[in-house]
Amino acid sequence: MTREELDALIANPPPLYQHRLIPSEKGDHMRDECGVFAVFGHEEAARLTYLGLYALQHRGQEGAGIVCAHHGELTAHRGVGLVSDVFKPHKLARVKGDVGIGHVRYSTFGTSNLRNVQPLVADYARGSVAVAHNGNLVNASVLREQLEEMGAIFQSTTDTEVIIHRISRSQGADFTESVIDSLSGLMGAYSVVVMNGEEIVAARDPLGFRPLWLGELDGAYIVASETCALDIIDADYVREIEPGEVITLNRDGMRSQKPFPPVVPKQCIFEFIYVSRPDSDIFGRPVDEVRKAFGAALATQAPVDADIVMAVPDSSNPAALGYSHASGIPFDMGIIRNHYVGRTFIEPEQGIRDFGVKIKLNPSRSAIEGKRIVLVDDSIVRGTTARKIIKMLRRNGAKEIHFRVSSPEIINSCFYGIDTSNPSKLIAHNMNAEEIRGFLGVDSLSYLSIENMLAATKCNPDHFCLGCFTSKYPTPTPHDFLPSRNNHRHVDHSMEVYAQ
Ligand code: AMP
């Protein structure tokens, strides 16, 4: 694609993009979400951010960071690992100020990489700037290439760094204008918090892929990916930041604007299915209620005679409860989850069958033996979890297993932050439902239909991105922006650039 064609595409994107299948080199590692948090005007900004990140830990476990401003000067602490590993009391105490932002990150490809942990911080002509970003940009590689051609040196391999470089080059009259300038060239998903020494700018991309909330505590403003992070610090909910909205928080208060051309939102329905915590409200609806409605819809769509309904814990618990309530079949805890699993463990040398799943999930034989089971999971991605769990249930005497999935078949990649990098690894990309049923070894299998899923959200059905279920994307995909240069370094960063 020529630069002119690219500019034209950015200026005038067609309404929906049909994704061309180009398997990437990234392997089959599941990518996940990130979480962002910000505090403006509270003397305990660092501690509040720490707690907020704690509540958002499910959105990313690979790295965490906090940046605070004290008298206009930024101090940061970032590290690889869980929030509780990265922030020990003495480290947190060093991050001072009443303005701060934080980030939990999931990536990763290969080794843990500290330089990719956010918030990213940089100094430029007008002072210091820090950015925390949730979501993936589809045109990051081409923007990066343009910046590098102009002499920019990148510190990380994340797409977020282009935001900083574009801020530093902006001629905007003030900080907010520079941030808007930077964001206006981006395509894809961003729920972002950006700060300098004096103010915070929080923004959601025009399509609103990822959630972002505004809260208030003791007169201070709080921004968080999900409401569960407002709850943990007892902050009041103000409202959701709207798709395309840019909010400035400074000593004069709060200012909102919508600087981008309006478009129909395309929020990520996978936030409802799996990503967000059930005790959060996103996209105007309680996640728990929506997940239960998915389960209830599945019970109506795919009923079956059975003794118990079981969840693959924990993310599927609400959907399984919904199925149970709607069908009248009792819910039981047939699989127990170990909540204390760390991220690394030493496996016995002899090897144990299904060790990877067993370390986290173990069947409760008395609940399973001789039973006809409805097993509910929120999604099947590669099918590996389901296959192992089903084998465990069979070994524990399950009489029948009817697998019910509270989302449709995932047939293609997500480019906006839930990145199943290689579509060929997605089981529903390669097999039809009957083949998947055989592969998993269940008596019956049903997925929630797209129509029933959308109806169960009680939201405007046009306001969701369904790319992973339909292969129709609301923006160009990264494949439309393949970098023109073909050197090794570029190949390298393209493998990580989408892993926010
Ligand atoms: P798989 O084993 O690859 O089929 O993954 C499906 C399982 O992973 C289900 O139990 C889901 O609850 C869970 N899951 C779904 N999406 C994600 C994700 N983005 N990251 C991690 N786990 C996920």
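Each ligand, and each atom within it, is numbered from 1 in the order the structure gives. Predicted model, so just to flag it, every value in this text is computed and none were measured. Residues: numbered from 1 along the sequence shown.
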For the side-chain contact (heavy atoms from CB on, under 4.5 Å) test, which of Pro318, Ser316, Ser407 pairs with Asp378?
Ser316

Can you check which of Ser379, Ala386, Pro313 brings a heavy atom nearest to atom 6 (C) of ligand 1?
Ser379

Closest by any non-hydrogen atom to atom 2 (O) of ligand 1: pick that one out of Thr385, Ile380, Leu426.
Thr385

Any carboxylate oxygen within less than 4.0 angstrom of a Lys/Arg side-chain nitrogen, looking at [X] and [Y]?
X      : Y      : value
Asp281 : Arg285 : no
Arg204 : Glu242 : no
Arg395 : Glu369 : no
Arg437 : Glu434 : yes

Just jot down the ligand 1 atoms closer than 4.0 angstrom to any heavy atom of [X], in number order.
X      : value
Ile418 : 19 (N)
Phe270 : 16 (N)
Gly383 : 1 (P), 3 (O), 4 (O)
Asp377 : 9 (C), 10 (O), 12 (O)
Ser315 : 12 (O)

Logged contact type for Asp378 with ligand 1, heavy-atom cut-off 4.0 Å, is side chain

Is the Phe415 to His479 ring centre distance short of 6.0 Å?
yes

